[in-house]
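One structure below.
So that the names make sense, note that chain A is the first sequence line, chain B the second, and so on, each numbered from 1.
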There are 2 protein chains.
Amino acid sequence: MSVTLADVARRAGVSPATASRALSDRPHVAVATRARVRAAAEELAFVASPDAAGLARGTTGRVGVVLPHLSRWFFGAVLEGIESVLRHERIDLLLYRVGDAADRRAFFDTLPARRKVDALVVLGLPVDARERERLELMGVTIVAAVGQVAGHPFVGVDDHVAGRQAVDHLVHLGHRRIGMIAATDPQSDGYPDARSVAYRDSLADAGIPYDEDLVAVVDWGGAGGAEGMARLLGLREPPTAVYAHSDEVALGAVRTLRRAGLRVPEDLSVIGIDDHPLADLTDLTTVRQPAREQGEVAARMVLAALADAPGADVPGARAPGGVTLPTQLVVRRSTAPPRDGVTAPPRDG
Amino acid sequence: MSVTLADVARRAGVSPATASRALSDRPHVAVATRARVRAAAEELAFVASPDAAGLARGTTGRVGVVLPHLSRWFFGAVLEGIESVLRHERIDLLLYRVGDAADRRAFFDTLPARRKVDALVVLGLPVDARERERLELMGVTIVAAVGQVAGHPFVGVDDHVAGRQAVDHLVHLGHRRIGMIAATDPQSDGYPDARSVAYRDSLADAGIPYDEDLVAVVDWGGAGGAEGMARLLGLREPPTAVYAHSDEVALGAVRTLRRAGLRVPEDLSVIGIDDHPLADLTDLTTVRQPAREQGEVAARMVLAALADAPGADVPGARAPGGVTLPTQLVVRRSTAPPRDGVTAPPRDG
DNA sequence: CTGAAAGCGCTAACAA
DNA sequence: TTGTTAGCGCTTTCAG
């Protein structure tokens, strides 16, 4: 079919073994021989079969990424980060999307990546005990990003901190009646919780009583945000500021406000989380989390693990170090002090 | 290292050949034998090595996707479409991102996907003659999506039509002074051209003279859009409506307007292209192009080609059929008739 | 430094 | 129906 190593060897007048060594830059090859082999390979436009090489060597040269979404900016950005560092090592990326609960079950049950990758990056999928157990069956390096997998290295941000940065900002602005639009993502739950807890904690610290009516739980995404805001607006006494679990949700809320003839931030402040590129375009105040960078770190962890354990599969020999990247408040123009003194100023004004 | 087919065969008391047949649901295996083999495989938690199988069979079970961006909604959505149909055939996805000119050259020069995939989807990268020639070297099925590769099947939309739908809408609304923010994407140029040509054609049909001052050429993205709009606003006589090459660009333009204290669409109309999810959230009028569906069609083309030519690599035997999906005007709230009769009504008002 | 030989784990004729 | 015999294309001891 195609040119093989044997062809090259023959043409260079050496054995396949030597040709192999010569082409993969391994020692014990005379410079002249190496040159000859290289020339032969060049002339024949030879390209080694990674699969055959891998079979013989026991590695695949690929790493898999399991993630819940492909079309959301955040996941794409993380993926870009992963890709950008792995490409330098000539490692290929295999994608496994688990869109819904069924996908998820199927993935962990059948482990489609088994025997196909040297490592797996679990992205944005907090994994439970059973799932983790299944994963271990793959016998490969596992790294978690944006969510954890017990016993394995991970990268992420502190969602509690991020949430506090957002709500604290609102509090410092003088808001006392702060609503929350909490988004649930059936796939990657976990951090929504931390973001919700942050809300309660921030209010508590500010001495603001928690009012259940002020939190709307909706589906992730713009539509959810729009709906949540509508609910909040329907309150006898609506909030003067709203904390949304993500920028998409926040943008949905903004649309509801706009359609209701309310102005942001004059009539109501809105803050999101993530710093989606469109947040900048829409002047949305938010808390930035480094997306691409999380991917880069995850990929470096993979590389490190692969270098450490060249095939070693000793379950105990893993170093489940974790890296938490900082988040940062980005004040734009969707937040401002409450319009009038209808509520008391914050304690630490 | 891990459980092999030989282990299973031994345990089931059959030869590896039979075990292989039994496990891959091929004929000529007694039901009882098949059951026995299956049981053995089950007990040993056996999983065949796809690489070894592929090596022997001459296929990889993977298809590659080359694309310029991972974090843009549009590409992610197309990718989701591809993934969703390929997963059913248990085909894996290998990603190749060519972010800039250097990546691009490197990709076509070194062909990193060579010998690693059964087919390649070229997504959003109009390929030139030399690049195409390199691609052929891979000797695999090639399908183009959102851009073409001469001589190979492709899916896409008609960008000229899309552009006309957008500009015609503005014209029908009564606008005569219509600006364009043309975006150039160093990677995937090609369609921006069609979108620009549509602008000229639409104006010509409406009897509106082409005014070079009214077109701002900027980089793709929100920042570009913002900048382009600023330029247009600086004109002695600014346009009453603006046609942007994409929703992101349009949103950037909207931000500039908002910051300038201008209202959309009262003071100025803005239209984009794509129907990005955030277009809905921002009430942006646009022309929708089916993203996910383009991916699905591309994947089906791959499947068809793979089924047709099970290994056949006869260069002439390809059926380079193309599929063009429809685009559709989505009127929201960023476009309206011009404010006053400062310009003459359109011919076909 | 180089070559021969033995796989890596599976599939595919071809017999039996 | 099942087993035997060859590989797929490369790497890797182990001699030489």
Side-chain angles (χ1 to χ4, degrees), chain A residues 1-38 40-41 44-62 90 114-118 139 310-311 313, chain B residues 1-38 40-41 44-62 90 114-118 138-140 310-311 313:
Chain A
M1 274 230 78
S2 52
V3 189
T4 73
L5 179 67
D7 298 326
V8 176
R10 205 170 305 126
R11 188 172 234 265
V14 298
S15 72
T18 300
S20 174
R21 287 191 275 257
L23 292 176
S24 26
D25 293 311
R26 264 167 306 167
H28 307 306
V29 181
V31 280
T33 308
R34 195 183 295 274
R36 202 142 33 84
V37 174
R38 283 214 177 112
L44 296 170
F46 169 75
V47 179
S49 158
D51 283 6
L55 226 210
R57 189 177 3 199
T59 60
T60 68
R62 286 168 238 137
R90 315 188 165 270
R114 214 173 165 183
R115 255 79 139 55
K116 292 190 207 161
V117 300
D118 295 332
D313 191 32
Chain B
M1 275 232 79
S2 53
V3 188
T4 73
L5 180 67
D7 298 327
V8 176
R10 203 169 309 125
R11 187 173 234 267
V14 298
S15 73
T18 300
S20 174
R21 286 189 279 255
L23 293 176
S24 28
D25 293 309
R26 265 168 304 166
H28 307 306
V29 180
V31 280
T33 309
R34 196 183 294 274
R36 204 143 31 87
V37 174
R38 282 210 177 116
L44 297 170
F46 169 75
V47 179
S49 158
D51 283 6
L55 226 210
R57 190 177 5 203
T59 60
T60 68
R62 284 168 239 138
R90 317 192 161 264
R114 214 170 165 185
R115 256 132 150 336
K116 293 189 207 161
V117 300
D118 295 332
M138 289 182 58
V140 301
D313 191 33

Side chains of Ser20(B) and Arg26(B) only: does a donor on one sit below 3.5 Å from an acceptor on the other? yes

Of the listed dG9(C), dT2(D), dT11(D), the closest approach to the Ala56(B) side chain comes from dG9(C)

Side-chain N,O (Thr18(A)) to OP1/OP2 (dG3(C)) below 4.0 Å: yes

Check: Does Gly61(B) offer a backbone N or O that forms a donor-acceptor pair with the side chain of Asp118(B) under 3.5 Å?
Finding: yes

note: Arg57(B), atom CZ; dG7(D), atom C1'; distance rounded to Å ~ 15 Å

Check your understanding: Donor-acceptor pair, Arg114(B) side chain versus Val47(A) backbone, under 3.5 Å?
Key -> no

Using a 6.0 Å cut-off, check whether atom CZ of Arg90(A) has over 12 heavy atoms from anything other than its own residue. no

OP1 or OP2 of dT11(C) versus the side-chain N and O atoms of Ser20(B): is any pair under 4.0 Å? yes

Looking only at dG9(C), dG9(D), dT2(D), the nucleotide nearest the Ser49(A) side chain is dG9(D)

Of Pro27(A) and Arg115(A), the one whose closest nucleotide on DNA chain C sits nearer the 5' end is Pro27(A)

From CG of Leu5(B) across to P of dG9(C) the rounded distance in Å is 11 Å

Next item on the list: Determine the contact category for Ala48(B): base if any of its heavy atoms lies under 4.0 Å from a base atom, sugar-phosphate if only primed atoms, P, OP1 or OP2 are that close, otherwise nothing.
Entry: sugar-phosphate

Rounded to whole Å, the NE2-P distance (His28(B) to dC14(C)) equals 14 Å

Arg34(A) CZ to dG3(C) P, in whole Å, measures 14 Å

Taken to the nearest whole Å, CZ/Arg26(B) to P/dA13(C) is 10 Å

Separation of dG9(C) atom P from Arg10(B) atom CZ, nearest Å, is 12 Å

Look at the side-chain N and O atoms of Thr33(B) and state whether any lies under 4.0 Å from the OP1 or OP2 oxygen of dT2(D).
yes

Below 4.0 Å: OP1/OP2 of dG3(D) and any side-chain N or O of Ser15(B): yes

- Query: With sugar-phosphate meaning primed atoms plus P, OP1 and OP2, does Ala53(B) contact a base, only sugar-phosphate, or nothing at under 4.0 Å between heavy atoms?
  - Reply: sugar-phosphate

Query raised in the report: Between Arg62(A) and Thr60(A), does any side-chain donor sit less than 3.5 Å from a side-chain acceptor?
Result: no

From NZ of Lys116(B) across to C1' of dG9(D) the rounded distance in Å is 16 Å

Of the candidates dG3(D), dC8(C), dT2(D), the side chain of Val14(B) sits closest to dG3(D)

Does a nitrogen or oxygen in the side chain of Thr4(B) sit under 4.0 Å from OP1 or OP2 of dG9(C)? no

Between CZ of Arg21(B) and P of dT1(D) the distance, given in whole Å, is 10 Å

Ranking dA12(C), dG9(C), dT11(D) by distance to the side chain of Ala17(B), first place goes to dA12(C)

